[in-house]
*Asks:* 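Starting off with a structure, shown below.
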Amino acid sequence: MKNKKITRKIIQGMYVLTTIGGGCMVDAVSQVSAGDNPLIAVAVMKKNYTNELLKKNNKFALSILGEDINPEIISTFGMNSMRDMNKFEKVTAEEVEGVKVLTDSLGYMVCEIIDSIDNDTHTLFIGKLIEADVYKEGIAMSYGYYQEHKEELIKITTETGKTAWVCTVCGYVYYGEEIPDDFKCPICGVDKSLFKKKEG
């Protein structure tokens with residue numbers, strides 16, 4: 001493959017996906033039908049804890065992030081797991097239809113899960129939109145914008161004196177002189193080719 005970064009040109013946004021008990025950052029979201037209750041699809045990595053939760057719950061919510069989002073939200077939901085911390089303690093949220101949504105967002109969509117499709121790395125969850133609202137007007141953050149401004153948004157810091165490898169997708173930091181060939185990012189699952197060396 002000559003350059004798979006071309007996939008970043010697919011126009012998609014950045015969202016915080018939540019369900020009962022957890023949430024994470026996602027970008028693969030699309031509307032797949034019209035009408036009063038359109039269908040919304042979201043792809044979630046299988047190894048993600050939120051994927052496990054979605055298979056136990058019947059609803060999910062998507063909080064739409066703007067370009068002016070508080071970077072703390074991105075680092076909280078994009079670089080941590082609910083297995084290790086309660087992400088909701090670090091953000092302001094309200095409950096809608098039994099699911100928490102972030103009030104520091106452009107707005108939200110709450111969906112009732114009607115189907116799911118597994119593939120090799122992700123599960124595609126399809127939900128019927130049952131509630132939605134706009135909190136404020138603003139420019140929605142695209143995946144391309146996120147990639148271009150990630151260092152400002154995440155503010156990655158590494159330990160002085162250590163060789164660090166930073167995941168260019170989610171910002172996870174691996175410490176060591178070299179990354180093992182079979183290493184996969186524990187947060188987003190990409191291989192070592194998408195890590196960038198940063199001297200501490």
*Asks:* Could you check if a side-chain atom of L62 sits within less than 4.5 angstrom of a side-chain atom of V26, using non-hydrogen atoms only?
*Replies:*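 Counting from C-beta outward, L62 and V26 do come under 4.5 Å.
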
*Asks:* Strictly below 4.0 Å, N to O, side chains only: are K59 and E97 in salt-bridge contact?
*Replies:*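 Salt bridge between K59 and E97, a charged N being under 4.0 Å from a carboxylate O: yes.
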
*Asks:* What is the minimum heavy-atom distance between I40 and V32, and which atoms define it?
*Replies:*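 Heavy-atom minimum between the residues: N-CG2, 4.5 Å.
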
*Asks:* Which distance, rounded to the nearest 0.5 Å, do you find between the CG of D115 and the NZ of K128?
*Replies:*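 Between atom CG of D115 and atom NZ of K128 there are 13.0 Å.
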
*Asks:* Could you tell me whether D68 and K136 have a side-chain N and a carboxylate O separated by less than 4.0 Å?
*Replies:*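 Between K136 and D68 there is a salt bridge, with a charged N closer than 4.0 Å to a carboxylate O.
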
*Asks:* Please indicate whether E94 has more than 12 foreign heavy atoms, meaning atoms of other residues, nucleotides or ligands, lying under 6.0 Å from its CD.
*Replies:*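 Yes - once you tally the heavy atoms of other residues, nucleotides and ligands closer than 6.0 Å, there are more than 12.
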
*Asks:* Working to the nearest 0.5 angstrom, can you tell me the gap between L65 CG and M141 CE?
*Replies:*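 Between L65 CG and M141 CE, I get 6.0 Å after rounding to 0.5 Å.
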
*Asks:* Between Y108 and Y135, how do the two ring planes meet: parallel, tilted or perpendicular, split at 30° and 60°?
*Replies:*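 The rings of Y108 and Y135 sit tilted, inter-plane angle from 30° to 60°.
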
*Asks:* Between E52 and R83, does at least one N-O distance fall below 4.0 Å, as a salt bridge requires?
*Replies:*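 Looking at R83 together with E52, the answer is yes, because their closest N to O distance falls below 4.0 Å.
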
*Asks:* Spell out, as yes or no, whether a donor-acceptor pair under 3.5 Å connects the side chain of T103 to the backbone of T92.
*Replies:*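 Yes, T103 side chain to T92 backbone: donor-acceptor pair under 3.5 Å.
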
*Asks:* Nearest 0.5 Å, please: how far is SG in C167 from CD1 in I179?
*Replies:*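 Going from the CD1 atom of I179 to the SG atom of C167 covers 9.0 Å.
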
*Asks:* Using a 4.5 Å cut-off on heavy atoms from C-beta on, say whether the side chain of F183 contacts that of F195.
*Replies:*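 In short, these two side chains touch, coming nearer than 4.5 Å.
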
*Asks:* Would you say the side-chain atoms of N37 pair up with the backbone N or O of I130, donor to acceptor, closer than 3.5 Å?
*Replies:*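 Between the backbone of I130 and the side chain of N37 there is no qualifying donor-acceptor contact (under 3.5 Å).
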
*Asks:* Answer with yes or no whether the hydrophobic clustering places I126 together with M45; edges join I, L, V, M, F, W, Y residues whose side-chain heavy atoms lie under 4.5 Å apart.
*Replies:*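 The answer is no; the residues belong to distinct hydrophobic clusters.
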
*Asks:* Given side chains that start at C-beta, do those of P38 and L129 come closer than 4.5 Å, heavy atoms only?
*Replies:*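 Yes, side chains in contact.
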
*Asks:* Atom CZ of F77 and atom CE of M25: how far apart are they, to the nearest 0.5 Å?
*Replies:*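 One finds 10.0 Å between CZ of F77 and CE of M25.
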
*Asks:* Are F60 and F125 near enough that their ring centres are under 6.0 Å apart?
*Replies:*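 Centroid distance F60-F125: not below 6.0 Å, so no.
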
*Asks:* Do Y145 and Y143 belong together in a cluster built from hydrophobic side chains that touch within less than 4.5 Å?
*Replies:*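 Shared cluster, yes.
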
*Asks:* Are the side chains of V91 and K100 in contact, using a 4.5 Å heavy-atom criterion?
*Replies:*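 Contact flag for K100/V91 side chains = no.
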
*Asks:* Keeping K90 on the side-chain end and I73 on the backbone end, is there a donor-acceptor pair under 3.5 Å?
*Replies:*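 Checked: no pair found.
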
*Asks:* Donor-acceptor pair, distance only, cut-off 3.5 Å: does the side chain of S63 make one with the backbone of L102?
*Replies:*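 Judged by distance alone, yes, a pair lies under 3.5 Å.
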
*Asks:* For the residue pair Y174 and P180, establish whether any side-chain heavy-atom pair is separated by less than 4.5 Å.
*Replies:*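 A side-chain contact under 4.5 Å exists here.
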
*Asks:* Would you please name every residue forming a side chain to side chain contact (heavy atoms under 4.5 Å, CB included) with N119, sequence neighbours left out?
*Replies:*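 Testing N119 for side chain to side chain contact (heavy atoms under 4.5 Å, CB included), a comparison that skips the adjacent residues, returns T121, H122.
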
*Asks:* What distance separates I113 CD1 from N57 CG, expressed to the nearest 0.5 Å?
*Replies:*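 Those atoms lie 7.0 Å apart.
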
*Asks:* Any non-hydrogen side-chain atom of D27 less than 4.5 Å from a side-chain atom of V29?
*Replies:*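 They are not in side-chain contact.
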
*Asks:* What residues, two or more places apart in sequence or in another chain, satisfy side chain to side chain donor-acceptor pair (under 3.5 Å) together with T123?
*Replies:*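 With sequence neighbours excluded, T123 shows a side chain to side chain donor-acceptor pair (under 3.5 Å) to N51, D118, given in chain and number order.
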
*Asks:* Check A61 against V101 and note the closest heavy-atom contact, atom names and distance.
*Replies:*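 Smallest interatomic distance, heavy atoms only, reads CB-CG1, 3.6 Å.
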
*Asks:* Using the rule that Ile, Leu, Val, Met, Phe, Trp and Tyr join whenever any side-chain heavy atoms are under 4.5 Å apart, tell me whether I69 and L106 fall into a single cluster.
*Replies:*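 Per the 4.5 Å side-chain linkage, I69 and L106 are not co-clustered.
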
*Asks:* Any donor-acceptor pair under 3.5 Å linking the side chain of S142 with the backbone of Q12?
*Replies:*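 It does not hold such a pair.
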
*Asks:* Looking only at non-hydrogen atoms, find the nearest pair between C185 and K47 and report the distance.
*Replies:*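 Closest pair (atom of C185, atom of K47, distance): O-NZ, 3.4 Å.
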
*Asks:* Which value, rounded to the nearest 0.5 Å, describes the distance between L17 atom CG and L54 atom CG?
*Replies:*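 CG of L54 is found 5.5 Å from CG of L17.
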
*Asks:* Would you say I64 and V16 are hydrophobically clustered, going by side-chain heavy atoms of ILVMFWY under 4.5 Å?
*Replies:*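 In one cluster: no.
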
*Asks:* Work out which heavy atom in L124 is nearest to a heavy atom in A41; give both atom names and the distance.
*Replies:*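 Of all heavy-atom pairs spanning L124 and A41, the closest is CD1-CB, 3.9 Å.
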
*Asks:* For the side chain of W165 and the backbone of G176, is there at least one donor-acceptor N/O pair under 3.5 Å apart?
*Replies:*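 Yes, because the side chain of W165 sits within donor-acceptor range (under 3.5 Å) of the backbone of G176.
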
